[in-house]
Amino acid sequence: MSRQIEGVKGMRDLLPGEIELWQHVEGLARELFGRFGYGEVRTPMAEDTGLFVRSVGEETDIVGKEMYTFDDKGGRSLSLRPEGTAPAARAYIEHAINNKEPITRWFYMGPMFRYERMKTGRYRQFYQIGAEAYGSKEAAQDAEMMDMVVQFLGALELKDVTLNLNSLGDEACRPAYHAKLVEYLQAHREELCEDCKRRMETNPLRVLDCKNPTCQAVAAAGPNVLEFLCEPCRAHFDDLQRKLTVLGIKYVVNPRMVRGLDYYTRTVFEFIASHPALGTASTVGGGGRYDKMMKGLGGPDVPAVGFAMGLDRLVLLLKESGRTFTSPPDLFVAVADEGSQDAALALASRLRREGLRVDFDTRGGSLKSQMKRADKSGARFTLVLGEAERTSGQAKLKPMAGGDAIPVALDDVAKTLRAARLATAQAGPT
RNA sequence: GCGGCCAUAGCUCAACUGGUUAGAGCGCCGGACUGUGACUCCGGAGGUUACCGGUUCGAUCCCGGUUGGCCGCCCCA
């Protein structure tokens, strides 16, 4: 018995009706990021597994248990990319971009893959829009990038998104904090939940953002990462906050925000949305500075800062807002008699060549059924083409929303429709 | 990876403690109205009740497994 073939768990199809939302978000990103001087890059979906192990970190959940890893026929270990920063860095290094220009701004969008349990706003193939800025260690670069995200979320008209900010220090000051934190946690070991007892060994920073109330209390009373920052890190963080203020960007300093990727130094940030539809998937974007990663991958010693947003979650919020982004046809061409089929096909072709969106039922059928189809298509006007129109060269544009039909010469249809479209645009969105 | 809930038409859901031919609304197609959609009325198509197995005279219903979906934990986008 042949079983129905289904899509892979956690990977879904995006069909017309929904895809317009995705295109809207992607289009805004391309336009806006371009304004900030970011150029689009596309890297392969699969990379050498070692790339992620060395950048994201062997002990992270992402690398430790969420990667789609497989051997190709040549015996190489490949992994479907679980995030976009490492592949972009690899490309930057491989093409020796640092020798060509001092500052490089890149953005990317596309699918990422993580093998994990699905729920709202979380999929095994999910989509990110991200950006990376290479070559500047200045806080101004961090601020510019956050400004770009803020402007982007604004363009999407998404409300109730909070910017959370923190600094994790660098190789000069982090070890001291790390040691102090472990020492503190050891002393309070019995108050922590089971997970946190384990985290103490594997990744003590993670205890800081445990959701367990008791753990939160312990963490809150413990050493504060910001108080351990060395002078240069302190100055960088202060500078960043000053610049955000200059830009009018609101933020919250959250000294207990850590992130699940090991490559971050100094600045880390997250954009958190409060909409209930997201459930526990409230982080719509996040990123930070990774000044040491390039060198760690065997590349040049180039500082960088980057972020990624979850396109799936942005689309979810946009869907909740109830806004629609479909563009219905300008005109539906209906055929009154079989003898007019060819003329209708040719008319539609001509109008499309002139830039209009034209729908046309190639099956023909009764005029009534074509009218139903025209109604459903959402077309603003319908033109019925039959023998009478062909001989007279005159037709009528029937407004589907109601009102009087507009008489029009068959040669002037495009002109008339464009004028109508303009009139609507000037009247404002409805 | 752990815990809980769920799966009937394209969609949202029915089917009385296991009992003939699994229904409705919406949607789709056609007609009433043979050159004009929406509203109304009439008709039609569409199901191996997710899949596999078990209990039973008999399973959409009870049991087990598989697959998929939802929620919490974990983690993240």
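Lettering follows sequence order; numbering is per chain, from 1.
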E338(A) CD - rG35(B) P separation (whole Å): 12 Å
Nucleotides 1-6 of chain B: protein proximity per nucleotide (B base, S sugar-phosphate only, - neither; heavy atom, under 4.0 Å): BBBB--
Whole-Å C1' distance, rU48(B) and rU21(B): 16 Å
Nearest to side-chain heavy atoms of M118(A), which nucleotide of rA77(B), rC70(B), rG35(B): rC70(B)
Under 3.5 Å, sequence neighbours excluded: what are the donor-acceptor pairs made by side chains of residues 396-411 of chain A?
none

Gap between atoms NZ and C1', on K376(A) and rU36(B) respectively (whole Å): 15 Å
Backbone of T283(A) reached by a side-chain donor or acceptor of R313(A) within 3.5 Å: yes
Partner set under side-chain contact (heavy atoms from CB on, under 4.5 Å) for L297(A), not counting sequence neighbours: L51(A), R54(A), S55(A), A89(A), I93(A), M293(A)
Stepwise salt bridge (Lys or Arg N to Asp or Glu O under 4.0 Å) test for D170(A) and R289(A): CA-CA 10 Å; D170(A) 63 10; R289(A) 180 162 278 287; over 6 Å; no
Side-chain N or O of R373(A) closer than 4.0 Å to phosphate OP1/OP2 of rC29(B): no
Side-chain (Y108(A)) to main-chain (E132(A)) donor-acceptor, under 3.5 angstrom: no
Secondary-structure string, 5' to 3', Watson-Crick or G-U under 3.5 Å, | for another-strand partners, for RNA chain B: (((((((..((((.....[...)))).(((((.......))))).....(((((..]....))))))))))))....
Minimum-distance nucleotide to S369(A) side chain [options: rA77(B), rG35(B), rG30(B)]: rG30(B)
Heavy-atom protein contacts under 4.0 Å, nucleotides 38-44 of chain B, coded B base, S sugar-phosphate only, - none: B------
Y264(A) OH - rA77(B) C1' separation (whole Å): 10 Å
Base of rG35(B) paired with side chain of E389(A) (donor-acceptor, under 3.5 Å): yes
Candidate pair S340(A) and R390(A), rule side-chain hydrogen bond (donor to acceptor under 3.5 Å, both in side chains), full reasoning: CA-CA 8 Å; S340(A) 299; R390(A) 283 191 290 133; 2.9 Å; yes
Partner set under side-chain contact (heavy atoms from CB on, under 4.5 Å) for A420(A), not counting sequence neighbours: R380(A), F381(A)
Ring centers of Y38(A), F107(A) separated by less than 6.0 Å: no
